[in-house]
Amino acid sequence: MNTSTTLPTTIGAFLAAHGAREAEAAVRTFAPGAVVVDEGNTYRGPEQLLDFLRHAGT
């Protein structure tokens, strides 16, 4: 049985950038109006997402 999964290109790009701690590259994978909710906090748009990604996992 083959359990490998091919992720969509955008998701793979996000995971690679985030894993490399490249927040600027990671935020470019989001749509301009993207909204992320994490642990009760809401982040809207590129500037807030960039700040969130710079500090995510720290």
Side-chain angles (χ1 to χ4, degrees):
M1 180 167 122
N2 184 355
T3 59
S4 65
T5 301
T6 302
L7 295 172
T9 303
T10 302
I11 304 233
F14 168 78
L15 291 173
H18 186 60
R21 307 290 298 160
E22 296 174 0
E24 291 82 6
V27 81
R28 287 192 298 269
T29 66
F30 286 86
V35 176
V36 170
V37 177
D38 182 66
E39 296 185 4
N41 297 304
T42 302
Y43 307 92
R44 298 176 191 280
E47 288 182 23
Q48 288 184 2
L49 289 174
L50 184 57
D51 186 58
F52 165 70
L53 291 171
R54 283 183 175 147
H55 299 96
T58 58

Taking every non-hydrogen atom, the tightest pair across Leu50 and Val27: N-CG2, 3.8 Å
Are Phe30 and Leu7 linked, directly or through intermediate hydrophobic residues, by side-chain heavy-atom contacts shorter than 4.5 Å (ILVMFWY only)? yes
Testing the basics here: between Leu53 and Ala26, what is the closest heavy-atom pair and its distance to 0.1 Å? CD1-CB, 3.9 Å
According to ring pair (Phe, Tyr, Trp, His ring centres under 6.0 Å), who are the partners of Tyr43, at least two apart in sequence or on a separate chain? Phe52
State, to 0.1 Å, how close His18 and Ala56 come at their nearest heavy-atom pair, and which atoms those are. CE1-CB, 3.9 Å
Kindly state each residue pair satisfying salt bridge (Lys or Arg N to Asp or Glu O under 4.0 Å) with at least one member in residues 24-41, sequence neighbours excluded. Glu24-Arg54
From His55, Glu47, Gln48, residue fulfilling side chain to side chain contact (heavy atoms under 4.5 Å, CB included) relative to Asp51: His55
